[in-house]
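Remarks on the structure that follows.
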Amino acid sequence: MKFLILNGPNLNLLGLREPEIYGKQNYAALEQFLRDTCEAEGVECVIAQSNHEGVLVDRIQEAYGLFDGIIINPAAYTHTSVAILDALKAVQLPAVEVHLSDISTREAFRSISYAGMACLATCKGHGFESYKEAIQYLKTYLLKKKEN
Ligand code: DQA
(Lines give C-alpha, C1' and ligand atoms only; values in the text may rest on other atoms or scores of the structure.)
Protein backbone atom coordinates (compact mmCIF):
# COMPACT_ATOMS: atom_id res chain seq x y z
CA MET A 1 0.00 0.00 0.00
CA LYS A 2 1.47 3.33 -1.06
CA PHE A 3 0.29 6.78 0.08
CA LEU A 4 1.13 10.24 -1.17
CA ILE A 5 1.17 12.70 1.75
CA LEU A 6 0.81 16.28 0.57
CA ASN A 7 1.27 19.40 2.66
CA GLY A 8 0.31 22.88 1.51
CA PRO A 9 1.57 26.43 2.04
CA ASN A 10 3.34 27.60 5.19
CA LEU A 11 3.47 24.14 6.73
CA ASN A 12 7.24 24.31 6.05
CA LEU A 13 7.26 27.01 8.77
CA LEU A 14 5.84 24.76 11.48
CA GLY A 15 7.41 25.55 14.83
CA LEU A 16 7.82 29.19 13.85
CA ARG A 17 4.29 29.99 12.71
CA GLU A 18 1.65 30.53 15.39
CA PRO A 19 2.97 27.78 17.71
CA GLU A 20 -0.03 28.27 20.01
CA ILE A 21 -2.20 26.94 17.15
CA TYR A 22 0.09 24.61 15.21
CA GLY A 23 2.50 23.45 17.91
CA LYS A 24 6.20 23.91 18.61
CA GLN A 25 7.54 21.07 16.48
CA ASN A 26 9.02 21.92 13.08
CA TYR A 27 8.32 20.50 9.62
CA ALA A 28 11.26 18.08 9.80
CA ALA A 29 9.68 16.64 12.96
CA LEU A 30 6.36 16.24 11.12
CA GLU A 31 8.10 14.41 8.26
CA GLN A 32 9.82 12.09 10.76
CA PHE A 33 6.48 11.47 12.50
CA LEU A 34 4.87 10.61 9.15
CA ARG A 35 7.70 8.24 8.16
CA ASP A 36 7.58 6.50 11.58
CA THR A 37 3.78 6.22 11.51
CA CYS A 38 3.74 4.80 7.98
CA GLU A 39 6.47 2.32 8.85
CA ALA A 40 4.53 1.16 11.94
CA GLU A 41 1.39 0.75 9.79
CA GLY A 42 3.27 -1.11 7.05
CA VAL A 43 2.49 1.60 4.51
CA GLU A 44 4.93 3.05 1.98
CA CYS A 45 4.82 6.82 1.67
CA VAL A 46 6.08 9.75 -0.33
CA ILE A 47 5.87 13.10 1.48
CA ALA A 48 5.82 16.45 -0.31
CA GLN A 49 5.24 20.07 0.69
CA SER A 50 4.64 23.06 -1.56
CA ASN A 51 3.65 26.69 -1.14
CA HIS A 52 2.25 26.69 -4.69
CA GLU A 53 -1.26 25.63 -5.66
CA GLY A 54 -0.25 24.46 -9.15
CA VAL A 55 2.53 22.27 -7.76
CA LEU A 56 0.02 20.58 -5.45
CA VAL A 57 -2.32 20.05 -8.43
CA ASP A 58 0.61 18.55 -10.41
CA ARG A 59 1.48 16.17 -7.56
CA ILE A 60 -2.15 14.99 -7.33
CA GLN A 61 -2.31 14.42 -11.09
CA GLU A 62 1.03 12.55 -11.08
CA ALA A 63 -0.22 10.28 -8.27
CA TYR A 64 -2.68 8.62 -10.67
CA GLY A 65 -1.68 4.99 -11.18
CA LEU A 66 1.29 5.26 -8.78
CA PHE A 67 -0.36 5.57 -5.37
CA ASP A 68 -3.22 3.78 -3.61
CA GLY A 69 -4.39 6.90 -1.82
CA ILE A 70 -3.68 10.51 -0.84
CA ILE A 71 -3.44 12.19 2.55
CA ILE A 72 -3.66 15.94 2.10
CA ASN A 73 -3.36 18.99 4.31
CA PRO A 74 -4.01 21.72 1.72
CA ALA A 75 -3.44 24.35 4.46
CA ALA A 76 -4.82 27.76 3.34
CA TYR A 77 -5.78 26.32 -0.08
CA THR A 78 -8.34 24.20 1.77
CA HIS A 79 -10.60 27.23 1.89
CA THR A 80 -10.01 28.60 -1.62
CA SER A 81 -8.89 25.98 -4.11
CA VAL A 82 -11.38 24.60 -6.59
CA ALA A 83 -8.31 23.47 -8.59
CA ILE A 84 -7.21 21.08 -5.83
CA LEU A 85 -10.80 19.84 -5.44
CA ASP A 86 -11.03 19.20 -9.19
CA ALA A 87 -7.64 17.42 -9.28
CA LEU A 88 -8.72 15.08 -6.46
CA LYS A 89 -11.99 14.39 -8.28
CA ALA A 90 -10.16 13.82 -11.57
CA VAL A 91 -7.74 11.15 -10.32
CA GLN A 92 -10.43 9.47 -8.19
CA LEU A 93 -7.90 8.20 -5.67
CA PRO A 94 -9.26 7.72 -2.17
CA ALA A 95 -8.17 10.77 -0.18
CA VAL A 96 -8.32 11.90 3.44
CA GLU A 97 -8.09 15.55 4.48
CA VAL A 98 -5.96 16.50 7.50
CA HIS A 99 -5.61 19.61 9.62
CA LEU A 100 -3.45 20.17 12.67
CA SER A 101 -5.98 22.62 14.10
CA ASP A 102 -9.75 22.29 14.32
CA ILE A 103 -10.83 24.39 11.34
CA SER A 104 -14.49 24.12 12.39
CA THR A 105 -13.97 26.14 15.59
CA ARG A 106 -11.77 28.93 14.16
CA GLU A 107 -12.61 31.90 11.89
CA ALA A 108 -15.77 31.40 9.80
CA PHE A 109 -13.78 31.38 6.51
CA ARG A 110 -11.92 28.27 7.68
CA SER A 111 -15.11 26.26 8.06
CA ILE A 112 -15.41 25.85 4.27
CA SER A 113 -13.23 23.11 2.80
CA TYR A 114 -13.22 22.64 -0.97
CA ALA A 115 -10.69 19.77 -0.91
CA GLY A 116 -12.77 18.08 1.76
CA MET A 117 -15.63 17.71 -0.73
CA ALA A 118 -13.53 15.10 -2.58
CA CYS A 119 -12.27 13.33 0.56
CA LEU A 120 -13.55 10.27 2.39
CA ALA A 121 -12.97 11.85 5.79
CA THR A 122 -11.41 14.79 7.61
CA CYS A 123 -9.05 14.31 10.57
CA LYS A 124 -8.54 17.59 12.41
CA GLY A 125 -7.71 19.31 15.66
CA HIS A 126 -5.22 16.78 17.03
CA GLY A 127 -1.87 18.17 15.82
CA PHE A 128 0.45 15.50 14.37
CA GLU A 129 -1.99 12.83 15.61
CA SER A 130 -4.50 14.05 12.99
CA TYR A 131 -2.14 12.64 10.33
CA LYS A 132 -1.90 9.30 12.17
CA GLU A 133 -5.70 9.11 12.27
CA ALA A 134 -5.82 9.83 8.52
CA ILE A 135 -3.19 7.19 7.68
CA GLN A 136 -5.05 4.59 9.76
CA TYR A 137 -8.40 5.59 8.24
CA LEU A 138 -7.11 5.28 4.68
CA LYS A 139 -5.38 1.98 5.39
CA THR A 140 -8.55 0.49 6.95
CA TYR A 141 -10.65 1.77 4.04
CA LEU A 142 -8.34 0.19 1.45
CA LEU A 143 -8.09 -3.13 3.32
CA LYS A 144 -11.91 -3.33 3.56
CA LYS A 145 -12.26 -2.44 -0.12
CA LYS A 146 -9.84 -5.26 -1.04
CA GLU A 147 -11.94 -7.77 0.94
CA ASN A 148 -15.11 -6.94 -1.03
C1 DQA B 1 -4.35 24.12 8.56
C2 DQA B 1 -5.58 25.01 8.80
C3 DQA B 1 -5.71 26.06 7.71
O4 DQA B 1 -6.86 26.87 7.94
C5 DQA B 1 -4.49 26.96 7.69
O6 DQA B 1 -4.58 27.90 6.62
C7 DQA B 1 -3.21 26.20 7.63
C8 DQA B 1 -3.08 24.96 8.40
C9 DQA B 1 -4.11 23.15 9.72
O10 DQA B 1 -3.36 22.18 9.51
O11 DQA B 1 -4.65 23.32 10.81
O12 DQA B 1 -2.25 26.63 7.00
O13 DQA B 1 -4.57 23.37 7.39
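Order of appearance sets the numbers: ligands from 1, and atoms from 1 within every ligand.
- The nearest protein atom to atom 11 (O) of ligand 1, hydrogens excluded, is given as S101 OG, 2.6 Å; this is a heavy-atom distance.
- The hydrophobic clustering, which links ILVMFWY residues whose side-chain heavy atoms are closer than 4.5 Å, places M1 and Y141 together.
- Geometrically, ligand 1 and R110 share a nitrogen or oxygen pair separated by less than 3.5 Å.
- In this structure, R17 counts as a contact residue of ligand 1, since one of its heavy atoms falls inside 4.0 Å of the ligand.
- The N/O atoms of R106, backbone and side chain alike, include none that comes under 3.5 Å of an N/O atom in ligand 1.
- Contacts between E18 and ligand 1, counted as non-hydrogen atom pairs separated by less than 4.0 Å, are absent for every part of the residue.
- Regarding atom 1 (C) of ligand 1, its nearest protein heavy-atom neighbour is H99 ND1, 3.7 Å.
- T105 has its side chain out of reach of R110: every pair of non-hydrogen atoms, C-beta onward, lies at least 4.5 Å apart.
- Using a 4.5 Å cut-off on side-chain heavy atoms (C-beta onward), D68 and E44 make no contact.
- Residue-ligand proximity, I103 to ligand 1, at heavy-atom distances under 4.0 Å covers atoms 2 (C), 4 (O).
- Both L6 and V46 are part of a single hydrophobic cluster, where members link through side-chain heavy atoms under 4.5 Å apart.
- For ligand 1, the polar-atom distance check against L11 finds no nitrogen or oxygen pair separated by under 3.5 Å.
- Backbone and side-chain nitrogen or oxygen atoms of L100 are examined, and one is located within less than 3.5 angstrom of a nitrogen or oxygen of ligand 1.
- Within a 6.0 Å sphere centred on CD of Q92, heavy atoms belonging to other residues, nucleotides or ligands number 12 at most.
- Between the side chains of Y22 and N10, no donor-acceptor pair of N or O atoms lies under 3.5 Å.
- Between H79 and H99, the two ring planes are parallel [angle under 30°; tilted spans 30° to 60°].
- The residue V98 has no part lying near ligand 1, judged by heavy-atom distances below 4.0 Å.
- Proximity annotation for atom 8 (C) of ligand 1: of Y22, F109, Y77, Y22 comes nearest, heavy atoms only.
- Looking at H79 against ligand 1, only its side chain comes within 4.0 Å, counting heavy atoms.
- Using modelled atom types, one finds no donor on one side chain facing an acceptor on the other under 3.5 Å when comparing R59 with S50.
- With a heavy-atom cut-off of 4.0 Å, N73 touches ligand 1 through its side chain alone.
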Please evaluate residues T78 and E97 with respect to the criterion side-chain hydrogen bond (donor to acceptor under 3.5 Å, both in side chains), reporting the C-alpha separation (whole Å), side-chain torsions for both, the decisive distance (0.1 Å), and the verdict. CA-CA 9 Å; T78 305; E97 174 189 20; 4.8 Å; no
